[in-house]
Number of protein chains: 2
Amino acid sequence: MTVHKFASEFKAVAMPAGRRLGLSAATPVQQVTCLAAGEQIYGQGEQAKALYEVEYGAVRVYRLLADGRRQIAAFHMAGEVFGFEADGTHHFFAEAIGATGVRVMRLGASAEISHKLLPLALQSLVRTQEHLLVLGRQHAIERVAAFLLDMAERQGGLAEFELPMSRMDIADYLGLTIETVSRAFTRLKEKGIVKLPGLRSVHIIKYQSLDDMSA
Amino acid sequence: MTVHKFASEFKAVAMPAGRRLGLSAATPVQQVTCLAAGEQIYGQGEQAKALYEVEYGAVRVYRLLADGRRQIAAFHMAGEVFGFEADGTHHFFAEAIGATGVRVMRLGASAEISHKLLPLALQSLVRTQEHLLVLGRQHAIERVAAFLLDMAERQGGLAEFELPMSRMDIADYLGLTIETVSRAFTRLKEKGIVKLPGLRSVHIIKYQSLDDMSA
DNA sequence: CGGCTCCTTGACAATCGTCAAGCCTCGTGG
DNA sequence: CCACGAGGCTTGACGATTGTCAAGGAGCCG
């Protein structure tokens, strides 16, 4: 398996200094931060001090094995909340994929708002469990089909949309290589199930066929 | 891929009728239920009315694809809580693996105790994310190594322990076939990393080697 | 226009799945 | 208590999907 190196320098999140205080207020402090492509939001081993809501753009959450293999556990799109951790420590890396805006929600007394967080955490859990099924029991083309359906749904349900991430991100999300992902795209195109007007743009032609493949 | 059929008849959980009322009390109603091997706890599509804590034995939580492929999302051992759902509907099946005792916790006004549930839900999330890494980026022998370490840890950290589940359960948990799981066990045995005194008993000899393989 | 990165395609190799046979273990019943 | 039978486990041979290596093409930015 090819080993890649990823930008792992932690770039401190630019944030006006004067507004980072008052951390333990009953209402969590909310602070929007703008990130460039590849900028890290948090890293494995860091203390988890906040939750994050994507304002625009997209985020990848991943882990690395010692030899450089990478698994992206989740992509997060506009409106989604991520950064949940069980023991106060991040076990994953989170990075902006492209230019991305993130609302940082610092948690003071988290117990007070846990009834708001539980549904969000559960949604993450369900998504991750669905993803497990894909990684454990689906073939390459089925994984890509499921991925495209998921992306279409999370971008408003339109048949035509842009992928925010590269083929390598998709590969590391689906547990495949970029070559296999590329071949799956080509096969879906050849079958007339999708059109690929640009490298990152997808047009779903036969929604039903995609759905049949992924299930 | 071989297609299996699984006992999917729903056997109602035996429970004294008189104690199923008072669902919305501030303290959740707790009720221990004993299940035989293979008995279903809940099924996909059912309404989620409770959480479950394993008293003894073990539980498998899984999903089926249309063609019968099965992915076990999680095993739950004594002390663990499962049954979290995001939208009030179960998206998975849960079954007792062997003879198993389960504490049923009916949730009334869940908001009141969500601060107790959030950490449990987050633990499930972290476990599931770890599992993702295994399924997405590890080879068969690495998956089995990681599985054995996980089982050892969750049974008290002893070097010698019993597996509650069959090879097929392990295969469906790790996204492999029973043959591949069996071969991985054999290779670990040949390398002197583990001993297998019985079909379901494991003795870890070289803990460090297992750890190196799984990471 | 040049250079770069990302993507695609092809040939080949490796891991894993499939099919098949045989063994072991355990539970049942004589 | 032993024999038998059924299910689960192991092993082998072979094939298929996917990974690896390599080269070439397309799009993008300076």
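The sequence lines fix the lettering, A, B, ..., with proteins before strands; numbering per chain opens at 1.
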Backbone N/O of [Y] and side chain of [X]: donor-acceptor pair under 3.5 Å:
X: A/His91; Y: A/Glu85; value: no
X: B/Arg183; Y: B/Ile178; value: no
X: B/Arg137; Y: A/Arg70; value: yes
X: A/Gln138; Y: A/Ser214; value: yes
X: A/Thr100; Y: A/Ala58; value: yes
X: A/Gln71; Y: A/Tyr173; value: yes

Tabulate atom names and distances for all N/O pairs under 3.5 angstrom spanning the protein and nucleotides 28-30 of chain D.
none

Discussion item. On the six-membered ring of A/Phe185, is A/Arg167 placed so that its NZ or CZ lies under 6.0 angstrom from the centre and within 45° of the ring axis?
Written reply: yes
Cationic N near anionic O, under 4.0 Å, [X] to [Y]:
X: A/Lys195; Y: A/Glu160; answer: no
X: B/Glu162; Y: B/Arg200; answer: no
X: A/Arg143; Y: A/Asp150; answer: no

Atom pair distance, as rounded to whole Å: [atom1] in [X] and [atom2] in [N]:
X: B/Lys189; N: D/dT10; atom1: NZ; atom2: P; value: 7 Å
X: A/Arg187; N: D/dA16; atom1: CZ; atom2: P; value: 14 Å
X: A/Glu190; N: C/dT8; atom1: CD; atom2: C1'; value: 12 Å
X: B/Glu179; N: D/dA16; atom1: CD; atom2: C1'; value: 15 Å
X: B/Arg183; N: C/dC16; atom1: CZ; atom2: C1'; value: 8 Å
X: B/Asp172; N: D/dG8; atom1: CG; atom2: C1'; value: 14 Å
X: A/Leu196; N: D/dG27; atom1: CG; atom2: P; value: 12 Å
X: A/Phe185; N: C/dT8; atom1: CZ; atom2: P; value: 7 Å

Practice prompt. Determine, for nucleotides 1-7 of chain C in 5'-to-3' order, which nucleotides have protein heavy atoms under 4.0 Å from the base (write B), from only the sugar-phosphate (write S), or from neither (write -).
Written response: ------S
Worksheet item: Given D/dT17, C/dC16, D/dT10, which nucleotide is nearest the side-chain atoms of B/His139?
Response: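 Side chain of B/His139 sits closest to C/dC16.
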Practice prompt. Return the stems involving DNA chain D, sorted by first number, where pairs are Watson-Crick (N1-N3 with N6-O4 or O6-N4) or G-U wobble (N1-O2 and O6-N3), both under 3.5 Å, and runs are 3 or more long.
Written response: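 Only these stems qualify: C:1-30 with D:1-30.
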Worksheet item: Is any side-chain heavy atom of B/Ile193 closer than 4.5 Å to a side-chain heavy atom of B/Met213?
Response: yes
Worksheet entry | B/Thr180 side chain near C/dT15 phosphate (N/O to OP1/OP2, under 4.0 Å) |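 It does not, given that no N or O in the side chain of B/Thr180 lies less than 4.0 Å from OP1 or OP2 of C/dT15.
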